[in-house]
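Taking it in order: structure first as structure tokens, then the write-up.
The residues of the chain are indexed from 1 along the displayed sequence. In listed order, ligands and their atoms are each counted from 1.
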Amino acid sequence: MPEPELQTETTAQDQQAIRQSVRELCRDFPDTYWRKVDKAEEYPEAFVNAVTKSGYLAALIPEEYGGAGMGITEASIILEEINGAGASSGACHAQMYTMGTLLRHGNEEQKRRYLPQIARGELRLQAFAVTEPNSGSEATRIQTRAVRKGDRYIVNGQKIFISRVKQSDLMLLLARTTPYDDVKDKTQGISVFIVDMRNVRGKLDVQPLDMMVNHHTNSVFFEDVEVPAENLIGEEGRGFSYIIDGWNAERILIASEAIGDGRWFINRAVAYARDRVLFGKPIGANQGIQFPIAQAYARIEAADLMRFQAAAKFDRREKCGAEANMAKLLASEAAWEAANICLTTHGGYGFAREYDVERKFRETRLLTIAPVSNNLILAFLGNKVRDCRSRTDLKPKNW
Ligand SMILES: Cc1cc2nc3c(=O)[nH]c(=O)nc-3n(C[C@H](O)[C@H](O)[C@H](O)COP(=O)(O)OP(=O)(O)OC[C@H]3O[C@@H](n4cnc5c(N)ncnc54)[C@H](O)[C@@H]3O)c2cc1C
């Protein structure tokens with residue numbers, strides 16, 4: 001194994017430049033923009049187009065396929081800055097989450113077919129279909145079936161809570177190619193497909209769900225949907241392990257979004273606590289307001305350290321399952337704490353849409369549940385991370 005690259009001063013400068021550039025991009029999309037799309041439940045098309053044009057959504061696509069060839073550290077900084085600017089990465093983050101499966105397990109032909117077009121913004125890979133009504137967090141219990149017939153697979157089944165289906169050209173789909181009862185190892189018999197939704201053969205019925213956050217989330221029904229066999233990623237039946245491979249990246253990216261949210265809440269709470277004068281002094285002079293903000297700030301900063309530790313290990317291709325999961329857990333909870341104190345600090349005004357606190361409050365709450373519930377992270381830490389010193393028993397691999 002080659003020696004891992006150490007972070008250099010230049011890298012730190014590059015990261016600062018990324019931060020600056022994402023902040024500038026987000027300045028064109030102020031609070032009023034996000035308030036409007038949230039209220040109208042519109043997809044933030046102009047924002048997603050701008051992030052795509054900037055090349056940031058292709059951060060993880062290698063340069064040879066037209067992307068920026070960045071690491072997860074830089075990708076996480078991009079999402080952090082987006083959320084820290086009051087925007088919502090939820091509109092487009094799946095393109096980063098799904099990338100690992102295609103990069104590590106897709107064949108050369110698939111990469112050449114899709115990645116350059118995704119990098120140029122001509123194709124969107126924004127839909128990732130895992131969750132089902134009868135399986136939920138127990139993903140090996142999925143029932144959507146893909147049955148091979150000659151040169152294609154016929155897909156039947158149902159997914160729930162699948163975001164951005166109507167805004168995406170491609171969907172990464174997890175389906176069973178062997179029924180649950182027919183496999184000894186329940187992680188086997190699951191396959192991953194790229195479904196090209198631009199011209200579907202069979203019936204793909206997408207039913208929007210009325211949700212608390214503006215994520216364009218749907219129920220999706222597959223009725224004899226035909227997927228060409230060439231769109232199977234990797235080997236048939238091994239898809240679950242490919243998805244698990246990408247989970248560490250997903251956890252780190254979610255942690256970063258939460259940290260961005262957390263900083264936004266702290267900044268807004270501090271500004272309001274300074275400005276709002278009652279009983280002859282700013283409300284921030286009261287410990288009842290000041291201390292919870294300070295506490296939330298400390299927790300965000302601590303979670304940020306875990307995020308960077310996880311990201312650095314990931315980029316060095318070291319095992320990082322424990323760190324990635326802890327980063328997601330700590331950051332999402334710290335952000336939620338910051339959201340609460342930000343709302344408390346604003347009093348009744350926190351409920352008024354024009355302050356944007358209630359929108360971010362709803363958005364950040366999601367991060368404790370999706371894409372994985374924090375209980376499942378605690379279960380992972382409790383069951384899989386037995387040896388705190390050496391953590392030799394950790395299974396997850398990086399992509
Ligand atoms: C806005 C939104 C967007 C989403 N987008 C997508 C998407 O694009 N693609 C996709 O595939 N999915 C998506 N999801 C689904 C999301 O990943 C799931 O909601 C999440 O994984 C939890 O699954 P569930 O809702 O079925 O809850 P369940 O699995 O039914 O869990 C319910 C509760 O029980 C707890 N629980 C379950 N098992 C245990 C256990 N063993 N120990 C302790 N507690 C347990 C959970 O932590 C949770 O609190 C989205 C969800 C939302 C809300």
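Atom 29 (O) of ligand 1 is flagged as protein-proximal [any protein heavy atom, distance under 4.0 Å]. Within a 4.0 Å radius of atom 6 (C) of ligand 1, the protein contributes at least one heavy atom. Put simply, atom 41 (N) of ligand 1 has no protein non-hydrogen atoms near it, under 4.0 Å away. Within 4.0 Å of atom 32 (C) of ligand 1, not a single protein heavy atom is present.
What sits closest to atom 10 (C) of ligand 1 on the protein, heavy atoms only, is Thr131 OG1, 3.3 Å. Among all non-hydrogen protein atoms, the one lying nearest atom 20 (C) of ligand 1 is Ile369 O, 3.7 Å. Among protein heavy atoms, the minimum distance from atom 14 (N) of ligand 1 is reached at Phe161 O, 3.3 Å. Looking at atom 9 (N) of ligand 1, its nearest protein heavy atom turns out to be Phe128 O, 2.7 Å. Scanning the protein for heavy atoms near atom 3 (C) of ligand 1, the closest one is Ser163 OG, 3.3 Å. Distance from atom 27 (O) of ligand 1 to its nearest protein heavy atom, with residue and atom name: Ser137 OG, 4.1 Å.
Within a 6.0 Å sphere centred on CZ of Arg120, other residues, nucleotides and ligands contribute more than 12 heavy atoms. The 12-atom threshold is not exceeded at OH of Tyr297, counting heavy atoms of other residues, nucleotides or ligands nearer than 6.0 Å. Within a 6.0 Å radius of NZ in Lys36, other residues, nucleotides and ligands contribute 12 heavy atoms or fewer. Atom CD of Glu122 has more than 12 neighbouring heavy atoms from other residues, nucleotides or ligands inside a 6.0 Å radius.
Residue Asn375 has at least one nitrogen or oxygen atom sitting less than 3.5 Å from a nitrogen or oxygen atom of ligand 1, judged on distance alone. The distance criterion of under 3.5 Å between nitrogen or oxygen atoms is not met by Val372 with respect to ligand 1. Taking any N or O of Thr217, backbone or side chain, none lies under 3.5 Å from an N or O belonging to ligand 1. Here's the thing with Met211: none of its N/O atoms is less than 3.5 angstrom from an N/O atom of ligand 1.
Side-chain N/O atoms of Arg145 and Asn156 include no donor and acceptor closer than 3.5 Å. With no hydrogens or angles considered, no side-chain donor-acceptor pair links Arg365 and Asn340 at under 3.5 Å.
Close approach to Leu366 involves these atoms of ligand 1, each under 4.0 Å from a residue heavy atom: 1 (C), 2 (C), 52 (C), 53 (C). Listed by atom number, the atoms of ligand 1 under 4.0 Å from Val213 heavy atoms are 1 (C). Taking every heavy atom of Ile162 and a limit of under 4.0 angstrom, the matching atoms of ligand 1 come to 7 (C), 8 (O), 9 (N), 10 (C), 11 (O).
For the ring pair (Phe, Tyr, Trp, His ring centres under 6.0 Å) test, residues two or more places apart in sequence or in another chain that qualify with Tyr349 are Tyr355.
Checking Glu301, Glu80, Glu323, Glu257 one by one against Arg307, the salt bridge (Lys or Arg N to Asp or Glu O under 4.0 Å) holds for a single residue, Glu80.
Taking the ring centre of Phe221 as origin, the terminal cationic atom of Lys203 falls outside the region bounded by 6.0 Å and 45° from the ring axis. The cationic group of Arg164 does not satisfy the cation-pi geometry with Tyr43, failing either the under 6.0 Å distance to the six-membered ring centre or the 45° limit from the ring axis.
One option in Pro133, Ala129, Pro371, Ser373 has a heavy atom closer to atom 21 (O) of ligand 1 than any other, and that option is Pro371. Selection from Gly136, Ala127, Ala139, Gly382 by nearest heavy atom to atom 26 (O) of ligand 1 gives Gly136. Of the listed residues (Leu376, Ile377, Leu174), the one carrying the non-hydrogen atom nearest atom 38 (N) of ligand 1 is Leu376.
Aromatic ring centroids of Tyr97 and Trp247 lie 6.0 Å or more apart.
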Applying side-chain hydrogen bond (donor to acceptor under 3.5 Å, both in side chains), run through Ser88 and Asn214 and close with a yes or a no. CA-CA 9 Å; Ser88 171; Asn214 189 29; over 6 Å; no
